[in-house]
Amino acid sequence: MRDSYCRRLILLGLGTAALSWPTLPVAAQAISLDPSTADRSIASSAPEPPDLQPEEQSATLAQDVATEDPSPSDPAAATPTESEERETLPLQEGGIDPTSDDPGSVAPDGDPETEAEVAPDPTGSGTTAFPARTEADLDYLNPHPNPLQLQTRPAEVEIVGTQPISLETAIELAYRNSEELRIAQLQLERSYEGLRAEQALRLPTADLNATLEVTDQTNFGLGLGNTATRLNSGIRTDYDLGVSGERAARIRAAEEQVRLAMLQVERTQVELRLNTITDYYAVQEASEQIRINQAFLQEAEDNLRITQLREQVGVGTRFDVLRAEVQVANARQNITQAQSQRDIAQRQLARRLNVPPSINLTTLGVEIQGTWPLSLEESIVLAYQNRGELEQFLVEREFNEAQRQVTLARTRPNVGLFAQYNFQALLITPEGVPTSTNDGFSLGAQLAWRLYDGGGTQARAAQSELDIRIDEFEFENIRNTIRGQVEEAYYTLQANQANINTATIAVNQAQQALRLANLRFEAGVGTQTDVLSATSELTQAEGNLVRAQLEYNRALARLERAVSNLSPLTR
């Protein structure tokens with residue numbers, strides 16, 4: 001009887017206050033964990049007692065309260081959103097033209113039929129999103145063709161749009177735009193040129209020299225001057241027989257340099273892939289934190305309105321209002337922090353992909369990227385077979401051995417062949433002296449042998465031997481490191497796979513707990529503390545689920561990197 005009377009009093013008070021306070025919603029909404037929806041609400045399934053309030057009056061009250069705007073006195077309505085703070089710029093089809101000096105210009109390949117088809121901004125950053133179809137045509141995401149181009153006006157670096165991209169597209173852009181990868185590829189080309197230079201030692205060399213000489217001799221006794229002009233020229237060809245082994249050792253060292261450069265390109269590529277995936281997941285995590293915190297803020301604001309309403313009708317306390325206000329303030333701070341982390345992560349991703357400075361990047365929804373089909377032991381063996389770092393130290397060992405042979409060849413005898421043709425002509429002669437020409441040809445062999453150099457050659461050869469031993473110990477060290485990386489990624493993958501299942505169950509339980517806490521609170525048998533605790537627990541459970549999913553994806557990416565296998569094993 002007492003509970004029935006309390007319920008009558010509460011509902012009557014709610015109906016009376018709603019006429020003078022139209023901004024306080026009392027109708028609850030349903031909880032949704034769909035990643036595509038950004039709001040979460042609570043739905044009340046408690047049947048309304050027919051003898052406490054007329055049915056028509058209750059329905060009218062719920063409709064009026066749910067459709068009204070927040071009160072100007074509500075602190076939530078006074079805080080401008082991020083989209084209100086940042087002015088948006090409508091974008092045309094085709095995206096930004098990175099080659100234009102005007103940051104607002106667009107690429108000329110736009111399609112008028114799809115110009116109005118604009119992708120939504122899933123992060124709520126406030127910037128206009130690029131057309132959804134442009135992900136297939138990523139030319140406008142390429143950097144400026146001039147690497148020395150530097151922006152000099154603020155308008156040139158202003159972010160005017162946000163482009164959602166998938167993980168595969170991000171990796172493709174990284175491979176195409178990364179300066180680090182292009183530097184590694186240019187260094188590989190440089191190594192090829194160095195190899196060609198050393199291979200040229202297998203061919204003979206030819207040198208041409210010519211001298212034009214004018215002499216003036218004066219006879220002091222007769223007072224006459226004799227002027228003569230002579231032309232001396234010759235051509236010489238030399239060929240090293242390679243007896244000392246220096247030529248072969250230098251070519252071998254150049255070949256090892258090419259192999260090292262190739263392994264560096266491979267290593268740079270897989271490291272770039274891992275870093276791109278890590279930056280992509282960082283944006284995803286920050287965006288999901290914003291979504292969760294925004295939903296929590298919505299719940300906290302709804303709870304604050306109900307608590308303020310209860311205080312006005314005399315069934316609530318000021319203490320409950322203060323606690324609800326603190327919860328709202330904390331939720332706003334969490335959103336601000338999450339937005340800051342998202343902005344930093346987005347710019348880091350844009351920097352990694354080297355897109356034009358006026359374009360911002362965002363990600364798609366969180367998805368499990370796949371499973372790992374191999375056991376731990378198979379993964380370790382596969383890493384030993386595929387990791388370029390292991391081969392890199394073996395190649396460096398061979399390179400140092402070739403350098404040692406080059407050093408030792410300097411004290412060995414070297415034999416070369418040469419052929420030479422000389423031509424002499426007396427072009428301008430003194431009076432009475434006829435002009436003349438003569439030439440000659442010579443062919444022979446020459447021997448060069450440094451018998452003593454003070455021990456410098458042996459010292460430099462000993463340095464190469466020590467470099468070889470260092471390479472062997474570094475090989476052992478990186479082998480153990482690789483095993484540790486595989487084991488760490490594999491165990492993390494398993495742990496987060498279990499955490500995903502646990503967190504999913506926890507989210508479902510937290511949903512039910514929050515629904516029951518709201519029903520008990522509305523019925524007068526629960527407390528506001530129960531609602532606050534249930535809301536916080538649901539937010540924490542959703543955050544744990546997102547973190548478990550992203551940590552699983554990160555561990556999977558690290559495991560793929562640990563075995564250096566970019567084939568679709570996880571698909």
Side-chain angles (χ1 to χ4, degrees), residues 147 171 174-203 242 244-277 352 354 380-410 457 459-486 557-567:
I171 296 175
Y175 287 163
R176 192 166 66 183
N177 298 346
S178 173
E179 313 98 319
E180 185 179 1
L181 183 58
R182 282 187 285 180
I183 290 173
Q185 292 170 345
L186 291 176
Q187 289 175 343
L188 175 59
E189 295 181 11
R190 181 177 181 273
S191 299
Y192 272 120
E193 297 300 330
L195 176 59
R196 295 187 185 98
E198 298 299 336
Q199 289 175 340
L201 297 176
R202 294 173 177 172
L203 301 175
S244 65
E246 181 180 1
R247 181 178 65 187
R250 292 178 63 176
I251 293 176
R252 180 184 171 191
E255 291 174 347
E256 300 303 330
Q257 284 278 32
V258 171
R259 292 180 60 191
L260 285 174
M262 293 175 63
L263 292 173
Q264 184 61 36
V265 170
E266 177 187 346
R267 182 176 180 179
T268 302
Q269 185 175 3
V270 294
E271 288 289 346
L272 178 62
R273 180 179 185 271
L274 177 61
N275 293 333
T276 301
I277 293 175
R352 182 79 63 185
N354 194 21
I380 294 174
V381 174
L382 185 63
Y384 288 163
Q385 295 173 353
N386 294 343
R387 284 294 289 264
E389 290 87 340
L390 290 174
E391 186 178 357
Q392 190 172 8
F393 285 116
L394 295 178
V395 173
E396 286 185 0
R397 185 177 182 273
E398 296 296 327
F399 171 79
N400 289 322
E401 176 61 29
Q403 289 291 98
R404 177 176 172 271
Q405 295 299 326
V406 170
T407 303
L408 293 175
R410 297 173 182 173
T457 299
R460 284 187 289 269
Q463 285 182 329
S464 299
E465 292 177 356
L466 294 176
D467 289 337
I468 292 174
R469 295 193 60 188
I470 291 174
D471 292 333
E472 293 174 351
F473 284 110
E474 286 181 343
F475 179 90
E476 182 181 11
N477 180 44
I478 196 64
R479 182 195 63 198
N480 297 332
T481 302
I482 288 173
R483 172 163 185 158
Q485 292 174 351
V486 173
R558 290 197 302 270
L559 190 55
E560 291 176 345
R561 167 64 186 99
V563 300
S564 288
N565 196 328
L566 301 183
S567 61

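Excluded from the calculations below are hydrogen atoms, water molecules and symmetry mates; all remaining heavy atoms, backbone and side chain alike, are included. Along the sequence shown, residues are numbered consecutively beginning with 1.
Separation of atoms CZ (Arg273) and CD1 (Ile171) is listed at 4.5 Å; rounding is to 0.5 Å. Taken from CD in Gln269 to CG in Leu274, the straight-line distance is 13.0 Å, to the nearest 0.5 Å. To the nearest 0.5 Å, the span separating CD on Gln485 from CD1 on Ile478 amounts to 6.5 Å. One finds the OG atom of Ser178 at 11.5 Å from the CD atom of Glu271 (value rounded to the nearest 0.5 Å). One distance of note links CG of Leu181 with OH of Tyr175; it measures 8.5 Å at 0.5 Å rounding. Distance OG1/Thr481 to CD/Glu474: 11.0 Å, rounded to 0.5 Å.
Every residue meeting the salt bridge (charged side-chain N to carboxylate O under 4.0 Å, His left out) condition with Arg483, not counting sequence neighbours, appears here in chain and number order: Glu487. A search for side-chain contact (heavy atoms from CB on, under 4.5 Å) contacts involving Ala383 returns Arg387, Ile482, Val486, Val563, not counting sequence neighbours. Partners of Thr276 by side chain to side chain donor-acceptor pair (under 3.5 Å), not counting sequence neighbours: none found. Partners of Arg259 according to the salt bridge (charged side-chain N to carboxylate O under 4.0 Å, His left out) rule, which considers only residues two or more places apart in sequence or in another chain, are Glu256, Glu391. Taking the side-chain contact (heavy atoms from CB on, under 4.5 Å) definition, one finds that Arg479 meets it with Tyr384, Leu390, Glu476, sequence neighbours left out. Here Asn400 pairs with Asp471 under the side chain to side chain donor-acceptor pair (under 3.5 Å) rule; sequence neighbours left out. Evaluation of the side-chain contact (heavy atoms from CB on, under 4.5 Å) rule for Gln257 yields Leu260, Phe399 as partners, not counting sequence neighbours. Checked against side chain to side chain donor-acceptor pair (under 3.5 Å), Thr268 has the following partners two or more places apart in sequence or in another chain: Gln264. Residues passing the salt bridge (charged side-chain N to carboxylate O under 4.0 Å, His left out) test with Glu396: none are found, sequence neighbours excluded. Arg404 meets the salt bridge (charged side-chain N to carboxylate O under 4.0 Å, His left out) test with Glu401, Glu465; sequence neighbours excluded. Taking Glu180 as the reference, nothing meets the side chain to side chain donor-acceptor pair (under 3.5 Å) condition, with sequence neighbours excluded.
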Check step by step if side chain to side chain contact (heavy atoms under 4.5 Å, CB included) holds for Gln403 and Asp467. CA-CA 10 Å; Gln403 289 291 98; Asp467 289 337; over 6 Å; no
For a side chain to side chain contact (heavy atoms under 4.5 Å, CB included) check, start with the C-alpha distance between Leu272 and Arg352, then their side-chain angles and the critical distance, and finish with the verdict. CA-CA 8 Å; Leu272 178 62; Arg352 182 79 63 185; 4.0 Å; yes
Could you walk me through whether Glu198 and Arg247 pass the salt bridge (charged side-chain N to carboxylate O under 4.0 Å, His left out) check? CA-CA 8 Å; Glu198 298 299 336; Arg247 181 178 65 187; over 6 Å; no
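Annotation for Asn177 and Arg182: closest pair O-NH2, 3.2 Å, computed over non-hydrogen atoms. Listed here is the closest heavy atom pair of Ala184 and Val265: O-CG2, 3.4 Å. Minimum interatomic distance between Ser244 and Ala409 (heavy atoms only, all atoms of both residues): O-CB, 3.7 Å. The minimum heavy-atom distance between Thr407 and Ala461, with the atom names listed, is CG2-N, 3.8 Å. What you find for Gly388 and Leu263 is that their closest heavy atoms are O-CD1, 4.1 Å.
Using a 4.5 Å heavy-atom cutoff, the side chains of Arg460 and Thr457 are in contact. Between Glu560 and Val270, the closest side-chain pair of non-hydrogen atoms is not below 4.5 Å.
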Enumerate, atom names and distances included, each donor-acceptor pair closer than 3.5 Å involving a side-chain atom of residues 186-193, sequence neighbours excluded.
from, atom 1, to, atom 2, distance (Å)
Ser191, OG, Gln187, O, 3.1
Glu193, OE1, Arg196, NH1, 3.4
Glu193, OE2, Arg196, NH1, 2.6

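No more than 12 heavy atoms of other residues, nucleotides or ligands lie within 6.0 Å of CZ in Arg397, so this atom counts as exposed by the packing criterion.
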